[in-house]
**Student:** 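Okay, here's the structure, questions in a sec.
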Number of protein chains: 2
Amino acid sequence: MIEPAFLLREKGVPVTAQRIAVLNAVSELPHSTADAIAGRVRDTIGAISKQAVYDALGMLTSKGLVRRIQPAGSPALFENRVGDNHHHVICRSCGKTADVDCAVGKRPCLTAADNSGFVIDEAEVIYWGRCPDCIAK
Amino acid sequence: MIEPAFLLREKGVPVTAQRIAVLNAVSELPHSTADAIAGRVRDTIGAISKQAVYDALGMLTSKGLVRRIQPAGSPALFENRVGDNHHHVICRSCGKTADVDCAVGKRPCLTAADNSGFVIDEAEVIYWGRCPDCIAK
DNA sequence: TATTGATCTTGATTCAGTCCAGATTAGGGG
DNA sequence: CCCCTAATCTGGACTGAATCAAGATCAATA
């Protein structure tokens, strides 16, 4: 894995213990909430304020080091898999989230039939369904 | 337009003044928040509780009469255009929301390359970009 | 019209996320 | 190597969306 401190320095932002810990937590717990990340960071470096977590996640998101997804009916989730164009499937029953690569290939549907004059720069796709465990029940 | 009361009766749910007003408000104000809908309903029938609005919207959503979309960083929006497979484009600057028909056609990407065993029943697509007004500035 | 079960009202509550003021720390200049 | 400044972090108050709970009210059937 690439050294987190290097990634931060490369982006020209001050390197702090909190940010490194947040970045590591996102790698270790993909698709987890800000709260879960805060908990993981506390296990690692002892303590961190909720504010610092949100701040670090916001900064990392704006720098493109983590990605934020916000499914309906759930708090925001964060993951560190960036750069490829993958999407997510969420279980309607238990909320489990998994990565999927879109069958259409790269950047699906980025050109809408009628874009109403909008300039589109990203297409966000969420698949809704049921996970294997919930189907089994 | 189809009579709202008929739609409700057809679904086997009691017809109330609040529900009809909510259904009308959603038609008149597409892509608006629960709050905005409540305001519109109050203009029409005088008063309604926040709870009744949420309840009616939830019921209408479960019956497939309205659709709920929840963009990141914004409260849930509701619209009454259902049944066709259209998606939405949202302006990053001002939050304006518009409908788009996907270029790929019907139910794009519903079959993911690797679905991890999930059974997918819906693909939700949100395009992010800038609206004509914000580009002009 | 009477009955019954669903719906609506009011008010408290939860929860994610933000705001604020002050203490702390990273990183470059001396 | 040490100091300075601006950025970051802390802790707590706060907001706004949405949900929960108990009791009053109402739609639909007989």
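Throughout, a chain's letter reflects where its sequence line sits, starting with A, and its residues are numbered from 1. Side-chain atoms are counted along with the backbone in the values below, which use heavy atoms only and exclude waters and symmetry mates.
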**Student:** Does the side chain to side chain donor-acceptor pair (under 3.5 Å) test come out yes or no for B:Glu124 and B:His88, once each step is laid out?
**Tutor:** CA-CA 9 Å; B:Glu124 178 183 1; B:His88 299 96; over 6 Å; no
**Student:** Do B:Arg19 and B:Pro14 make a side-chain contact, defined as non-hydrogen atoms from C-beta onward lying under 4.5 Å apart?
**Tutor:**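 The answer is yes; the side chains approach within 4.5 Å.
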**Student:** Given that B:Pro14 and A:Met59 both sit by DNA chain D, which one's nearest nucleotide is further toward the 5' end?
**Tutor:**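 Mapping each residue to its closest nucleotide by heavy atoms, the 5'-most match is A:Met59.
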**Student:** Decide yes or no for A:Leu7 and A:Glu10: does some side-chain heavy atom of the first lie under 4.5 Å from some side-chain heavy atom of the second?
**Tutor:**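 They are in side-chain contact.
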**Student:** Over its full length, what angle do the end axes of the helix from C:dT1-D:dA30 to C:dG30-D:dC1 make, each axis taken from five pairs and the result rounded to 10 degrees?
**Tutor:**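 For the helix from C:dT1-D:dA30 to C:dG30-D:dC1, the axes at either end differ by 30°.
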**Student:** Check this for me: does any side-chain nitrogen of one of A:Arg92 and B:Glu122 sit under 4.0 Å from a carboxylate oxygen of the other?
**Tutor:**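 Judged by the 4.0 Å cut-off on N to carboxylate O distance, A:Arg92 and B:Glu122 do form a salt bridge.
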**Student:** When you check the phosphate oxygens OP1 and OP2 of D:dA7, does a side-chain N or O of A:Thr16 lie under 4.0 Å from one of them?
**Tutor:**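 Negative; the distance criterion is not met.
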**Student:** Please determine, by modelled atom types, if A:Asp99 and A:His87 share a side-chain donor-acceptor pair under 3.5 angstrom.
**Tutor:**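 No, A:His87 and A:Asp99 have no side-chain donor paired with an acceptor closer than 3.5 Å.
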**Student:** I want to check something: taking the side chain as every heavy atom from C-beta on, are A:Arg67 and A:Arg81 in contact at a cut-off of under 4.5 Å?
**Tutor:**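 SC-SC contact between A:Arg67 and A:Arg81 ruled out.
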**Student:** Working to the nearest 0.5 Å, report the span between CD1 of B:Ile120 and CZ of A:Arg130.
**Tutor:**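 So the CD1 of B:Ile120 and the CZ of A:Arg130 are separated by 14.0 Å.
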**Student:** Are B:Ile90 and B:Lys96 side-chain neighbours, meaning at least one heavy-atom pair lies under 4.5 Å?
**Tutor:**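 SC-SC contact between B:Ile90 and B:Lys96 ruled out.
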**Student:** Distance under 4.0 Å to a non-hydrogen atom of chain A counts as contact; along DNA chain C, which nucleotides mark the start and end?
**Tutor:**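 Counting from the 5' end, contacts occupy C:dA16 to C:dG27.
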**Student:** Side-chain contact test, heavy atoms from C-beta onward, threshold under 4.5 Å: evaluate it for B:Leu8 versus B:Leu65 and give yes or no.
**Tutor:**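 Sidechains of B:Leu65 and B:Leu8: in contact.
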**Student:** For nucleotides 11-19 of chain D, read 5' to 3', which letter fits each nucleotide if B means a protein heavy atom sits under 4.0 Å from the base, S means only the sugar-phosphate is that close, and - means neither?
**Tutor:** B-B---SBB
**Student:** Is the closest side-chain heavy-atom distance between A:Cys131 and A:Cys94 below 4.5 Å?
**Tutor:**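 They are in contact (side-chain heavy atoms under 4.5 Å apart), so the answer is yes.
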